[in-house]
Amino acid sequence: MRIAYYRVSTGDQSVAAKKQALGGPFDREYEDVGVSGGVMASDRPGFAKLLDQVRAGDTVYVYAVDRLGRDALDVQHTVRRLLDAGVTLNIHGLGAIGRGVGELILAVLAQVADMERGRIRERTEAGRAAARTSLQATGKTHRGKESLGRPRSSDAAEVVQWRSANEASIKATAKHFSLSEATVKRYCASAKKT
């Protein structure tokens, strides 16, 4: 049986793009949308269902090595589990992975993917640190923004004051300022603390 697995965690990724890249048709398809790559493979709902239903002789198709686990150890564990169950693993661009040399190549690729995730984390934190330092020194981040994160669309104090003066609900306040209800709640909670 031909089985496909897709995991996309961010808005700039799509299951449709992964389906097109993997080809098809497939007898079964499993997906985890919005599930972080930091979650162990067996803890992802779609992948857990795949593990329960896959049988010896099946072939599981995935787009990339990192779809098979949280880190190099999880990828290796997942691959061994599938291979021990008599399942063939087919990774886009690599082809079928089998015992021996296939496992070795996959282990190396998983380690490389794990190292790259670590580098991305380091670069992200370095960027945040530079932004914080520049913000403290100049009032703007190193990229010219006035704060870290998204810019505020409305002044929090103004939103809280308007809500109080008009005895408005969270929903009405959110609508009035074109904000989400969660943002209005956060502004109100911050005002109560001060």
Side-chain angles (χ1 to χ4, degrees), residues 4-22 28-53 62-71 74-75 78 113-194:
Y5 173 70
Y6 316 100
R7 182 192 64 77
V8 293
S9 57
T10 61
D12 62 338
Q13 299 174 341
S14 77
V15 169
K18 305 295 187 223
K19 284 183 181 185
Q20 185 176 2
L22 285 180
R28 290 191 201 147
E29 295 180 344
Y30 300 88
E31 63 185 51
D32 286 308
V33 176
V35 176
S36 166
V39 175
M40 299 284 278
S42 60
D43 293 337
R44 302 171 188 166
F47 199 77
K49 188 182 276 189
L50 179 150
L51 289 173
D52 285 343
Q53 297 179 359
V62 295
Y63 183 75
V65 173
D66 66 349
R67 305 294 119 175
L68 295 171
R70 177 178 75 181
D71 54 24
D74 192 29
V75 169
T78 301
D114 204 23
M115 287 182 344
E116 181 57 23
R117 275 193 294 271
R119 281 195 212 106
I120 290 169
R121 259 192 311 275
E122 288 171 8
R123 287 192 305 264
T124 301
E125 187 48 45
R128 286 184 185 135
R132 279 189 218 100
T133 301
S134 180
L135 192 59
Q136 288 172 348
T138 67
K140 293 196 178 218
T141 69
H142 63 301
R143 297 194 183 234
K145 294 182 181 180
E146 294 183 4
S147 70
L148 295 176
R150 287 184 267 159
R152 292 181 182 257
S153 57
S154 297
D155 179 49
E158 180 185 348
V159 171
V160 172
Q161 189 275 332
W162 184 90
R163 180 173 183 243
S164 178
N166 292 286
E167 297 180 357
S169 67
I170 296 280
K171 187 174 186 172
T173 306
K175 186 174 181 180
H176 178 78
F177 286 96
S178 298
L179 298 170
S180 71
E181 291 180 31
T183 298
V184 174
K185 287 178 186 176
R186 188 174 59 252
Y187 287 174
C188 293
S190 294
K192 286 180 183 176
K193 290 179 184 176
T194 57

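Given the structure is predicted, the values throughout are model-derived calculations rather than measurements.
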Distance check, rounded to the nearest 0.5 Å: [X] atom [atom1] versus [Y] atom [atom2]?
X: His176; Y: Asn166; atom1: NE2; atom2: CG; answer: 7.0 Å
X: Asp74; Y: Thr78; atom1: CG; atom2: OG1; answer: 4.5 Å
X: Arg7; Y: Leu68; atom1: CZ; atom2: CG; answer: 10.0 Å

Checking the side chain of [X] only, and the main-chain atoms of [Y] only, is there a donor and an acceptor separated by less than 3.5 Å?
X: Arg28; Y: Gln53; value: yes
X: Arg44; Y: Val39; value: yes
X: Asp32; Y: Gly46; value: yes
X: Thr138; Y: Ser134; value: yes

side-chain contact (heavy atoms from CB on, under 4.5 Å) against Ser169, all qualifying residues, sequence neighbours excluded: Lys171, Ala172

Classify the angle between the aromatic ring planes of Trp162 and Phe177 as parallel (below 30°), tilted (30 to 60°) or perpendicular (above 60°). perpendicular

Step by step, would you call Glu29 with Lys19 a salt bridge (charged side-chain N to carboxylate O under 4.0 Å, His left out)? CA-CA 9 Å; Glu29 295 180 344; Lys19 284 183 181 185; 3.3 Å; yes

What's the shortest heavy-atom distance between [X] and [Y], and which atoms?
X: Ala4; Y: Leu22; answer: CB-CD1, 4.5 Å
X: Arg70; Y: Gly38; answer: CD-O, 2.5 Å
X: Gly69; Y: Ala41; answer: CA-CB, 4.0 Å

Find out whether Val35 and Phe47 are in side-chain contact, i.e. whether some heavy atom of one side chain is under 4.5 Å from a heavy atom of the other. no

Applying side chain to side chain donor-acceptor pair (under 3.5 Å), can you list everything that pairs with Arg119, at least two apart in sequence or on another chain? Glu116

Would you please name every residue forming a salt bridge (charged side-chain N to carboxylate O under 4.0 Å, His left out) with Arg132, sequence neighbours left out? Glu125

Kindly determine whether Ile170 and Arg163 satisfy side-chain contact (heavy atoms from CB on, under 4.5 Å), including the steps that lead there. CA-CA 8 Å; Ile170 296 280; Arg163 180 173 183 243; 3.7 Å; yes

Please evaluate residues Tyr187 and Thr173 with respect to the criterion side-chain contact (heavy atoms from CB on, under 4.5 Å), reporting the C-alpha separation (whole Å), side-chain torsions for both, the decisive distance (0.1 Å), and the verdict. CA-CA 11 Å; Tyr187 287 174; Thr173 306; over 6 Å; no

Give a yes or no on whether Tyr30 atom OH has more than 12 heavy-atom contacts from other residues, nucleotides or ligands under 6.0 Å away. yes

Cation-pi between Lys18 and Tyr6: NZ/CZ under 6.0 Å from ring centre and within 45° of the ring axis? no

